[in-house]
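Structure first, then comments.
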Amino acid sequence: MIDHVTTHQAAEDARNEEVMIWLNGRVVPKAEAVVSVYDSGFMLGDGVWEGLRLYNGHWAFLDEHMDRLFEAAKAIDLDIGMDQAGVIATLEATRVANEMTTDAHARLMVTRGVKTRPFQHPSLSQQGPTFTIIMEHSKPSIPRPIRLATVPHIRGLPMTQDPKLNSHSKLNCILACIAAEKAGADEALMLDINGFVNTTNACNFFIVRKGTVWTSTGDYCMNGITRQKVIDVCRADGIPVYERNYSLVDTYGADEAFLTGTFGAQTPVSEIDGRSIGTGEMGEMTKRICALYKDLVAQDAKP
């Protein structure tokens with residue numbers, strides 16, 4: 001068995017060494033896409049980001065991703081400096097500069113910008129936001145189902161750092177990932193403040209039990225767009241799906257488990273805390289949901 005994989009593992013593509021990056025109004029070569037050490041994002045993790053995926057010339061669920069980006073910026077009182085149409089035009093300009101048509105991933109990042117002094121107060125960011133788009137040729141290449149380990153790091157309360165926020169500050173999730181890797185797993189399974197199963201450090205999490213699909217209540221996880229689309233396609237296709245509290249006992253006894261995210265869509269899970277889940281391979285329900293999701297992506301691309 002391959003020792004370690006990640007949920008964002010992609011096929012090697014030499015073209016990514018020559019990609020063009022959008023940075024503050026210009027498209028520049030990758031080597032020139034640099035920001036100041038005084039940037040709020042580098043110094044304090046003060047910023048928000050959004051990930052999108054390109055399928056056959058179309059950015060999947062673009063409106064939902066733009067809404068989430070602008071809601072996150074508003075939540076941290078950050079002015080992106082352009083409206084949604086402007087951001088979309090910038091995204092498209094970057095795509096054209098890279099001559100990308102499909103199997104591409106874009107990461108949009110907005111920080112509070114360069115600070116005048118190296119301290120926390122947001123008033124020290126006086127030069128406007130830093131806005132960049134990293135775009136890569138990216139075809140998911142995950143050679144086997146993911147192994148998870150439950151970790152002590154939890155998804156917390158919204159009055160600390162709201163887990164729904166796509167912020168640059170991801171240290172809690174990074175520490176969870178490190179703990180999982182040290183336990184011999186690929187990714188961390190994180191609980192909520194009440195001890196119920198919630199999400200992983202990078203993706204949302206689902207289980208399948210006796211023909212029904214379960215995921216967390218959504219109170220303590222990222223408001224995942226792919227997560228919601230999976231719920232939507234299940235409901236439309238008559239698959240019973242529940243957003244509910246459930247325990248590790250429920251999880252260990254699941255017939256199937258899978259992860260959701262913009263990058264990998266649906267990724268099967270083979271093992272949790274050393275316990276095999278189902279057959280250890282992608283299950284029939286997960287395959288069915290993958291097909292439904294693929295159809296939904298195609299429908300979204302229709303004018």
Side-chain angles (χ1 to χ4, degrees), residues 4-10 49-53 60-61 64-65 68 72 105-107 138-151 153-156 162-168 170-181 183 185-192 196-208 213-234 241 243 246 248 251 254 256-273 277-278 282-283 285-287 289-290 292-294 296-297:
H4 181 75
V5 301
T6 76
T7 53
H8 293 92
Q9 198 161 311
W49 62 276
E50 189 64 39
L52 296 101
R53 188 143 194 87
F61 314 120
E64 289 96 327
H65 282 285
R68 189 169 67 175
H105 186 268
R107 188 179 182 97
S138 177
K139 191 169 186 177
S141 179
I142 302 172
R144 60 161 173 78
I146 296 296
R147 300 192 303 253
L148 301 179
T150 309
V151 298
H153 309 80
I154 65 170
R155 290 292 187 132
D162 195 326
K164 295 184 184 299
L165 188 63
N166 241 357
S167 75
H168 276 219
K170 303 292 288 185
L171 186 58
N172 185 45
C173 293
I174 292 167
L175 291 174
C177 186
I178 290 170
E181 288 193 353
D186 303 311
E187 191 154 306
L189 185 62
M190 302 175 74
L191 308 181
D192 68 21
F196 294 113
V197 172
N198 188 16
T199 182
T200 75
N201 57 274
C203 299
N204 280 308
F205 179 72
F206 287 75
I207 61 173
V208 179
V213 177
W214 297 9
T215 191
S216 72
T217 62
D219 293 335
Y220 303 102
C221 69
M222 166 58 61
N223 56 335
I225 291 167
T226 309
R227 174 186 184 272
Q228 186 60 52
K229 297 302 180 183
V230 164
I231 293 169
D232 291 345
V233 297
C234 284
V241 59
E243 296 176 85
Y246 60 96
L248 282 171
T251 303
E256 303 175 32
F258 62 92
L259 311 179
T260 62
T262 297
F263 177 85
Q266 295 81 41
T267 304
V269 172
S270 63
E271 181 182 298
I272 301 173
D273 295 335
I277 303 300
M282 180 181 282
M285 180 66 80
T286 307
K287 291 178 182 177
I289 290 169
C290 286
L292 293 170
Y293 180 81
K294 185 177 180 180
L296 188 65
V297 169

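Heavy atoms only: backbone and side chains are in, while hydrogens, waters and symmetry mates are out.
The structure places CD1 of Ile207 at 11.5 Å from OG1 of Thr286, a figure rounded to the nearest 0.5 Å. To the nearest 0.5 Å, the span separating NE2 on His4 from CZ on Arg144 amounts to 8.0 Å. The CG atom of Asn223 sits 8.5 Å away from atom CG of Asn204, with the distance rounded to the nearest 0.5 Å. Atom CG of Asp192 and atom CZ of Arg155 lie 11.0 Å apart (nearest 0.5 Å). Between Asp273 atom CG and Thr251 atom OG1 the span is 9.5 Å, to the nearest 0.5 Å. Taken from OG1 in Thr150 to CG in Asn198, the straight-line distance is 12.0 Å, to the nearest 0.5 Å.
Under the rule for a side-chain contact (heavy atoms from CB on, under 4.5 Å), the partners of Asp232 that lie at least two apart in sequence or sit in another chain are Gln228, Lys229. For His168, the side-chain contact (heavy atoms from CB on, under 4.5 Å) partners at least two apart in sequence or on another chain are Trp49, Met109, Thr111. In terms of the ring pair (Phe, Tyr, Trp, His ring centres under 6.0 Å) criterion, Phe205 has no residue partners (sequence neighbours excluded). Ala202 pairs by the side-chain contact (heavy atoms from CB on, under 4.5 Å) definition with Thr7, His8, Glu187, not counting sequence neighbours. Contacts of Cys177 classified as side-chain contact (heavy atoms from CB on, under 4.5 Å), with partners at least two apart in sequence or in another chain: Glu181, Asn201. Looking at residues two or more places apart in sequence or on another chain, you find no side-chain hydrogen bond (donor to acceptor under 3.5 Å, both in side chains) involving Thr6.
Annotation for Tyr293 and Ala265: closest pair CE2-CB, 3.7 Å, computed over non-hydrogen atoms. Looking at every heavy atom in both residues, Ala176 comes nearest to His153 through CA-ND1, 3.7 Å. When all heavy atoms are compared, the tightest approach of Arg68 to Ile225 is NH1-N, 3.6 Å. Minimum heavy-atom separation, Ile277 to Glu256: CG2-C, 3.7 Å. For Ala10 against Phe263, the heavy-atom pair with the smallest separation is CB-CZ, 3.9 Å. Heavy atoms only, all atoms of each residue included: Leu191 and Val197 are closest at CD2-CA, 3.8 Å.
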Side chain to side chain contact (heavy atoms under 4.5 Å, CB included) between Thr226 and Gln266: does it pass, once the steps are laid out? CA-CA 8 Å; Thr226 309; Gln266 295 81 41; 3.8 Å; yes
Going through the checks in order, is the side chain to side chain contact (heavy atoms under 4.5 Å, CB included) test met by Val230 and Phe258? CA-CA 11 Å; Val230 164; Phe258 62 92; 4.2 Å; yes
Show your reasoning for whether salt bridge (charged side-chain N to carboxylate O under 4.0 Å, His left out) applies to Arg227 and Glu243. CA-CA 11 Å; Arg227 174 186 184 272; Glu243 296 176 85; 3.2 Å; yes
Would Met222 and Cys203 count as a side chain to side chain contact (heavy atoms under 4.5 Å, CB included) if you check the C-alpha gap in whole Å, the side-chain angles of each, and the deciding distance to 0.1 Å? CA-CA 8 Å; Met222 166 58 61; Cys203 299; over 6 Å; no
Please step through side chain to side chain contact (heavy atoms under 4.5 Å, CB included) for the pair Leu52 and Phe61, ending with a clear verdict. CA-CA 8 Å; Leu52 296 101; Phe61 314 120; over 6 Å; no
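Here the side chains of Met190 and Pro163 are not in contact, with every heavy-atom distance at 4.5 Å or above. The closest side-chain heavy-atom distance from Met282 to Cys290 is below 4.5 Å. For the pair His65/Thr262, a side-chain contact is recorded, criterion being any heavy-atom separation below 4.5 Å from C-beta on. Side-chain contact between Ser216 and Thr199 is absent, with no heavy-atom pair separated by less than 4.5 Å.
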